S.K.: 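This is the structure I want to talk about, given as C-alpha cells.
A quick note: this is a predicted structure, and the numbers were derived from the prediction, not measured. Naming: A, B, ... by sequence-line order, numbering from 1 per chain.
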Protein chains: 2
Amino acid sequence: MNFFEETGKVAIGSRLRMLTDKVTEDAAQIYKLYNIDMQPKWFPVFYALAQEKEKTITELAKAIGHSHPSVSKIISEMLKKGYVKESKDKTDGRRNVVSLSKKGVEISEKIKDQLIDVNAAIEEISAQSQNKLWEAIGEWEFLLEQKTLLRRVMEKKKERDSLKIEIIDYQPKYQEIFRSLNVEWISQYFTMEETDYKALDNPQGYILDKGGFILVARYEGEPLGVCALVKMNDGEYDFELAKMAVSPKAQGKNVGFLLANAIIDKARSLGASKIYLESNTILKPAINLYHKLGFQKVAGKPTPYTRCNIQMELVIG
Amino acid sequence: MNFFEETGKVAIGSRLRMLTDKVTEDAAQIYKLYNIDMQPKWFPVFYALAQEKEKTITELAKAIGHSHPSVSKIISEMLKKGYVKESKDKTDGRRNVVSLSKKGVEISEKIKDQLIDVNAAIEEISAQSQNKLWEAIGEWEFLLEQKTLLRRVMEKKKERDSLKIEIIDYQPKYQEIFRSLNVEWISQYFTMEETDYKALDNPQGYILDKGGFILVARYEGEPLGVCALVKMNDGEYDFELAKMAVSPKAQGKNVGFLLANAIIDKARSLGASKIYLESNTILKPAINLYHKLGFQKVAGKPTPYTRCNIQMELVIG
DNA sequence: ATTAATTACGTAATCAGTTACGCAAATATA
DNA sequence: TATATTTGCGTAACTGATTACGTAATTAAT
C-alpha cells in the first residue's frame with residue numbers, strides 16, 4: 001500500500017489547515033498581552049469598521065469574506081461589549097448600519113501597538129524564509145480564481161482517461177456491440193427505423209462493403225463506443241458520419257470526442273473533402289461535440305430518417 | 001483611522017484560512033467525480049491506515065494532527081460504512097486497533113486514480129506560480145516550531161517598549177516616587193526596616209552625598225522605575241546595587257533590565273570593579289534578572305536587613 | 001500489595017463557522 | 001396599483017473541529 005507515499009501533495013489542504021491553526025492559536029493570548037478585551041474572531045469586523053467607519057451587516061460580510069449570519073452574530077457580541085453601535089438606515093429600513101462606538105474607537109487606539117508588533121513578528125518570519133508565503137498565497141488565490149481545483153482535476157482525469165482509450169478498426173466480433181450501443185440510445189430518445197436495422201444488422205454489407213468504415217473505442221480493453229463513416233453516392237459529400245454511440249458507462253471520459261476525431265482523420269486520409277451528418281437537436285451533447293469539431297449547420301438535403309431535424313457538414317482542411 | 005491600512009500582514013491568518021477553504025471546498029465533489037463514497041474529513045485517517053495497515057486511535061490522531069476524539073468519531077462513521085474494522089489489543093486492553101476492511105482496501109484501490117489526478121492538478125498550479133507555496137509552508141512550520149508567533153510578538157513588544165523607556169539621573173522631584181515604589185514592594189513581601197527609612201526618606205544625604213547614584217526609568221514621560229548605587233566603605237566592593245523598584249504598571253516592559261544595565265554602566269564608568277547586592281529568594285523574577293546580568297551568589301557578608309537571604313556580586317569586566 | 005500517576009479513548013459540551021429558511025422592506029413588472 | 005421578485009438580515013439547525021471530563025487499563029512508586 002506504499003503507493004500513497006508518493007502522492008504527497010494532495011495533503012496541501014491539511015498542511016494549510018495546520019499552518020492556519022498554528023498562526024491563529026496564539027491570537028487570544030496576544031490580545032491579553034496588550035490588555036485588550038477582544039476575541040480574535042471579532043478582529044476582521046473591527047478592522048473593517050476602523051477603516052470605513054460605517055458599514056451594514058452585508059457589506060461587512062463581503063469585506064471580510066464571511067457569511068452574513070456570522071457577522072450578525074459577531075456584531076451582537078461586540079454590541080454587548082459596547083464596542084459598536086447599530087442604527088437603521090433612514091432610506092432603507094432593512095439595513096442595519098454598524099459603526100464603532102466611542103469605546104470601540106478607544107480600543108482601536110490601544111490596538112495600534114499590537115498591530116505594529118504582530119506585523120513586525122510576521123515580517124521577521126518572512127525575512128527568515130527563502131520562499132515567500134504571502135506572495136505564494138496571492139498566486140494560488142489568483143490561479144484558483146481563474147480555474148477551480150475541481151475543474152483542474154476534471155481536466156487531469158480527462159487527460160488520463162484519454163490515454164486509456166484506444167480507437168481500433170471494426171472487426172466482425174464487434175457487430176453485437178455496434179448494434180446494441182446504437183439501439184440503446186436510439187430507442188431511448190426515438191424509435192428504431194427501417195434504415196437503422198439495415199445498417200445495424202449488417203454493417204459488413206451495408207457500410208463496409210460499400211466503401212465505408214467503422215471505428216471502435218475501447219476503454220481498458222472493453223469496447224464502449226462506436227462510430228461509422230458511410231460512403232455517400234452524392235456529388236457533394238464523400239462520407240456521412242453516422243451511428244455514433246457511446247456507452248453511458250463511458251460518459252465523461254471524452255470517448256465521443258476521440259472517436260469522432262479519429263473518424264475525421266480516417267476520412268481525411270482517404271482524401272475526403274466534405275463530411276455530412278444528420279442529428280436531432282434534442283441530443284445537445286452530441287450537437288455541441290459536432291460544433292466543437294467544426295461542423296456547420298446546413299439544410300435542404302433529403303433524409304430517410306424521421307428523427308433528423310438538423311443537418312451538418314464539415315469541410316476538411 | 002487609515003492607520004490600519006498600513007498593517008496589512010496581520011491578515012495572513014485570514015488569508016490562510018480563506019485559501020484553505022478554497023482548496024478544500026471542492027473535495028466532496030471530487031470524490032463524487034470518481035464515484036467514491038467518502039467524506040473528505042475521512043481522508044487523512046484513510047490515508048494513514050492505507051500506509052500503515054494497523055493503528056490505534058491515538059496513533060492515528062498523532063499521525064494526522066487531530067485530537068483523538070475527532071479520530072474516534074471519524075472511525076465510528078467509517079465503521080458504519082464498513083470501511084474499517086476494530087479490534088482490541090491483546091496485550092493492552094485499552095487500545096482500539098483499527099485497520100482497513102476488505103471494502104476499505106477496495107476503496108483504496110479506487111482512490112488511486114483520483115490521487116494521481118489531484119496531485120497532477122496541484123503540481124500544475126505549483127508550476128504556474130513563481131512562489132512555492134509548499135516549500136513556504138514548510139519553512140513557516142519550521143520557524144513557528146522554533147519560536148511561536150506569541151513569543152515573537154512578545155519580543156517585538158519588548159523591543160518597542162525599550163525604545164520608549166528612558167533612563168535618567170535622579171532629581172529631587174523624584175524623591176517621592178523613589179520612596180513610594182520601594183515602600184510598595186518591600187511592604188508587600190516583607191516589612192519596612194529602619195535602614196529602609198533612612199535611605200528612602202533622605203536619598204540625598206544617605207546615598208548621593210556619600211558618592212552613590214540613583215537612576216530613574218521613565219515610560220512615556222512617567223517615572224515607573226528606580227534603582228540606586230550605594231557607595232560602600234569596604235575593601236572588596238565599590239558599590240551596592242540597592243533599592244531597585246519597578247511599578248507593577250510597567251511589568252513586562254523590560255524596565256528592570258534596562259535600569260540595572262544602566263546602573264552597571266554607571267558603575268563601570270566610575271571605575272568600579274565589583275558590585276554587591278542583597279536580595280531574597282522569594283523574589284524570583286529579580287533573582288533571575290540578576291543572574292541574567294551576570295551576578296553570582298556569594299556568602300558571608302554581614303547585613304543590616306533581616307529580609308536578606310541571598311547575596312550576590314558582579315565582577316565588572 | 002497498595003496506592004498513585006499515566007495512558008487510551010469514548011461521551012458531552014462548546015466553538016466558530018456554515019447553510020437553510022422566513023420575514024419584512026424595497027424594487028421591478030404587469 | 002397590485003403583484004412578483006429581490007434584498008437585508010435575523011434565527012435555527014447543522015458541521016467539523018475542539019476542550020473538558022470520566023472510566024478503565026496499565027505502569028510506577030512506596
Side-chain angles (χ1 to χ4, degrees), chain A residues 13-29 31 38-46 54-80 84 86-99, chain B residues 13-29 31 38-46 48 54-80 84-99:
Chain A
S14 296
R15 289 194 77 189
L16 274 169
R17 200 186 62 81
M18 284 164 118
L19 180 58
T20 308
D21 287 352
K22 225 178 232 163
V23 169
T24 309
E25 73 185 1
D26 288 344
Q29 279 187 278
Y31 285 110
M38 176 144 76
Q39 290 189 38
K41 65 170 171 169
W42 297 348
F43 181 72
V45 169
F46 191 90
E54 275 199 347
K55 267 180 182 293
T56 67
I57 300 289
T58 313
E59 283 166 359
L60 280 168
K62 196 165 285 175
I64 72 171
H66 281 195
S67 64
H68 85 262
S70 168
V71 174
S72 180
K73 218 185 263 176
I74 287 169
I75 289 296
S76 77
E77 288 172 17
M78 291 176 74
L79 207 58
K80 229 175 267 170
V84 293
E86 295 180 333
S87 68
K88 285 274 167 229
D89 187 324
K90 260 134 219 143
T91 66
D92 185 340
R94 296 166 305 176
R95 299 170 140 229
N96 181 357
V97 182
V98 183
S99 58
Chain B
S14 297
R15 290 194 77 190
L16 274 168
R17 200 185 63 81
M18 285 164 120
L19 181 58
T20 308
D21 287 351
K22 226 177 229 162
V23 169
T24 308
E25 73 185 359
D26 287 344
Q29 280 186 276
Y31 285 110
M38 177 143 79
Q39 290 190 38
K41 65 169 171 166
W42 297 348
F43 180 72
V45 169
F46 192 89
E54 276 199 345
K55 266 178 183 295
T56 66
I57 301 287
T58 314
E59 282 165 0
L60 281 169
K62 196 165 286 175
I64 73 173
H66 281 195
S67 63
H68 87 262
S70 169
V71 174
S72 179
K73 216 186 261 174
I74 288 170
I75 289 297
S76 78
E77 288 171 18
M78 291 176 74
L79 207 59
K80 229 175 267 169
V84 292
K85 49 180 193 281
E86 295 180 333
S87 69
K88 285 274 166 231
D89 187 324
K90 261 136 220 143
T91 66
D92 185 341
R94 296 165 304 175
R95 297 170 142 229
N96 181 358
V97 182
V98 183
S99 58

S.K.: Please report the closest heavy-atom contact between A/Tyr31 and A/Gln39, naming both atoms and the distance.
M.R.: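 In terms of heavy atoms, the two residues are closest at CE1-C, 4.5 Å.
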S.K.: Can you tell me how far the OG atom of A/Ser87 sits from the CZ atom of A/Arg95, to the nearest 0.5 Å?
M.R.: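 Nearest 0.5 Å value for the OG-CZ distance: 11.5 Å.
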S.K.: Nearest 0.5 Å, what's the NE2-NZ distance between A/His66 and A/Lys41?
M.R.: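 Going from NE2 on A/His66 over to NZ on A/Lys41, the span is 10.5 Å.
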S.K.: Which residue is it: B/Lys90, B/Arg94, B/Lys88? I am looking for the one with a salt bridge (Lys or Arg N to Asp or Glu O under 4.0 Å) to B/Asp92.
M.R.: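 In the set B/Lys90, B/Arg94, B/Lys88, the residue that makes a salt bridge (Lys or Arg N to Asp or Glu O under 4.0 Å) with B/Asp92 is B/Arg94.
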S.K.: Would you indicate whether the side-chain heavy atoms of B/Thr56 and B/Asp89 approach each other to under 4.5 Å?
M.R.: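 When only atoms from C-beta onward are counted, B/Thr56 and B/Asp89 do not touch, as no gap falls below 4.5 Å.
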S.K.: In terms of heavy-atom contacts, does NZ of A/Lys62 have more than 12 from other residues, nucleotides or ligands at under 6.0 Å?
M.R.: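 Atom NZ in A/Lys62 is not packed in, count stays at 12 or less.
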S.K.: I'd like a list of close polar pairs between nucleotides 3-8 of chain D and the protein, N/O only, cut-off under 3.5 Å.
M.R.:
from  : atom 1 : to      : atom 2 : distance (Å)
D/dT7 : O2     : A/Arg94 : NH1    : 2.5

S.K.: Measure from CE on B/Met18 to C1' on C/dG17 and round the result to the nearest Å.
M.R.: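 Rounded to whole Å, this separation is 13 Å.
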S.K.: Which atom names give the shortest non-hydrogen contact between B/Gly13 and A/Thr20, and what distance separates them?
M.R.: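 Closest heavy-atom pair between B/Gly13 and A/Thr20: O-CG2, 4.1 Å.
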S.K.: Which nucleotides of nucleotides 16-21 of chain D have their base under 4.0 Å from a protein heavy atom (B), which only their sugar-phosphate (S), and which neither (-), written as one string 5' to 3'?
M.R.: SBBBB-
S.K.: Using the side chain to side chain contact (heavy atoms under 4.5 Å, CB included) definition, which of the options A/Val97, A/Ile74, A/Val98 pairs with A/Ile57?
M.R.: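 With A/Ile57 as partner, A/Val97, A/Ile74, A/Val98 yield a single side chain to side chain contact (heavy atoms under 4.5 Å, CB included), made by A/Val98.
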S.K.: What is the distance, rounded to the nearest whole Å, between atom NZ of A/Lys88 and atom P of D/dC9?
M.R.: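 Distance check: A/Lys88 NZ to D/dC9 P gives 7 Å.
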S.K.: What does A/Thr24 touch in the nucleic acid at a heavy-atom separation under 4.0 angstrom: a base, only the sugar-phosphate, or nothing?
M.R.: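 A/Thr24: no heavy atom of the nucleic acid under 4.0 Å.
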